[in-house]
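Remarks on the structure that follows.
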Amino acid sequence: MGDRISFDSSVWDAVSRIPHGRLATYGQIADLIGAYGCARQVGWALRRLPLPSNVPWHRVVNAQGRISMSLSREGSDWIQRELLLAEGVPVDEEGRLPLKERLWRPDAMSGS
DNA sequence: TTAATGACGACGC
DNA sequence: AGCGTCGCCATTA
């Protein structure tokens with residue numbers, strides 16, 4: 001049984017903790033689940049997420065403060081932009097957004 | 001099995 | 001700011 005399944009679950013769980021209106025980077029999620037340096041894998045895990053989903057996958061962007069636009073996403077990148085705009089996060093046509101101001105700082109004292 | 005491909009990231013210029 | 005390069009590593013061909 002794949003480690004893939006548990007890895008994906010870990011990613012989805014971590015992403016589910018991102019508060020409404022805030023953002024996290026792929027690398028940040030990787031760190032959070034103890035997979036330092038595996039940012040790309042986080043991207044793959046989100047790619048496997050069946051849509052629509054309750055997991056707020058749209059709150060994960062790249063470290064450059066942009067939505068990772070790619071033809072291979074077949075439109076999910078633009079859906080991501082719409083979902084972010086819908087919850088008050090400004091995103092320009094190039095996918096740029098205010099990462100600095102909206103970066104999620106996980107609080108050890110929250111949850112559980 | 002080897003080669004190419006990414007929803008990435010850090011650097012250099 | 002923008003772009004190219006390289007390191008990264010699971011997935012896919």
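All chains are named by letter (A, B, ...) in the order of the sequence lines, taking the proteins before the strands, and each is independently numbered beginning at 1. Heavy-atom basis, side chains included; hydrogens, waters and symmetry copies ignored. Worth saying up front: this structure is predicted, and the values here are computed from it rather than measured.
- Under the side-chain contact (heavy atoms from CB on, under 4.5 Å) criterion, A:A14 pairs with A:R17, A:I29, A:L32, A:I33, not counting sequence neighbours.
- When every heavy atom of A:W12 is checked against every heavy atom of A:P50, the shortest pair comes out as CH2-CD, 4.3 Å.
- Atom CG of A:D31 and atom P of C:dC8 are 16 Å apart (whole Å).
- Scanning residues 79-100 of chain A for heavy-atom distances under 4.0 Å to DNA chain C yields A:R96.
- Within the 4.0 angstrom heavy-atom criterion, no nucleotide atom of any strand lies near A:G37.
- When distances run from any side-chain atom of A:C38 to the nucleotides C:dC9, B:dA7, B:dG9, the shortest one goes to C:dC9.
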Give me, pair by pair, the N or O atoms of the protein and of nucleotides 2-4 of chain B that are less than 3.5 Å apart, along with how far apart they are.
none

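- Here the P atom of nucleotide B:dA7 and the CH2 atom of A:W12 are 16 Å apart, to the nearest Å.
- No side-chain donor-acceptor contact under 3.5 Å links A:S53 to the backbone of A:L49.
- A:L85 forms part of a hydrophobic cluster together with A:L23, A:V61, A:I67, A:M69, A:W78, A:L84, A:V89, A:V91, A:L97, A:L99, A:L103, judged by ILVMFWY side-chain heavy-atom separations under 4.5 Å.
- Annotation: salt bridge (charged side-chain N to carboxylate O under 4.0 Å, His left out) contacts of A:E94 (sequence neighbours excluded): A:R66.
- Residues passing the side chain to side chain donor-acceptor pair (under 3.5 Å) test with A:N62, sequence neighbours excluded: A:S68.
- Between the side chain of A:Q80 and the main chain of A:V60, a donor-acceptor pair closer than 3.5 Å is present.
- Nearest heavy atoms, A:A30 versus A:A39: CB-N, 4.0 Å.
- A:R102 places a side-chain N or O within 3.5 Å of a backbone atom of A:G21 that can act as its donor or acceptor partner.
- Listed by chain and residue number, A:H58, A:R59 satisfy the side chain to side chain donor-acceptor pair (under 3.5 Å) test with A:E87 (two or more places apart in sequence, or in another chain).
- In this structure, the CG atom of A:D77 is 8 Å from the C1' atom of B:dA7, given to the nearest Å.
- Scanning residues 60-75 of chain A for heavy-atom distances under 4.0 Å to DNA chain C yields an empty list.
- The minimum heavy-atom distance between A:P56 and A:S16, with the atom names listed, is CD-CA, 3.8 Å.
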Review item, nucleotides 11-13 of chain C N/O atoms under 3.5 Å of protein N/O:
unit_1 : atom_1 : unit_2 : atom_2 : d
C:dT11 : OP1    : A:R48  : NH2    : 3.2

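- Annotation: side chain to side chain donor-acceptor pair (under 3.5 Å) contacts of A:D92 (sequence neighbours excluded): A:R96.
- Counting non-hydrogen atoms of other residues, nucleotides and ligands closer than 6.0 Å to CG of A:L51 gives a total above 12.
- A donor-acceptor contact shorter than 3.5 Å links the side chain of A:Q28 to the backbone of A:W104.
- Residues satisfying the salt bridge (charged side-chain N to carboxylate O under 4.0 Å, His left out) test with A:R47, not counting sequence neighbours, are none.
- Regarding A:L51, its CG atom lies at a distance of 14 Å from the P atom of B:dA7, rounded to whole Å.
- For the pair A:Y26 OH and C:dC9 C1', the interatomic distance rounds to 17 Å; values are reported in whole Å.
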So what is the 5' to 3' dot-bracket string for DNA chain B, if pairs are Watson-Crick or G-U wobble with both distances under 3.5 Å, crossing pairs use [ ] and | means the partner sits on another strand?
.|||||.||||||
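- Screening A:V42, A:D31, A:V11 for a side chain to side chain contact (heavy atoms under 4.5 Å, CB included) involving A:Y26 leaves a single residue, A:V42.
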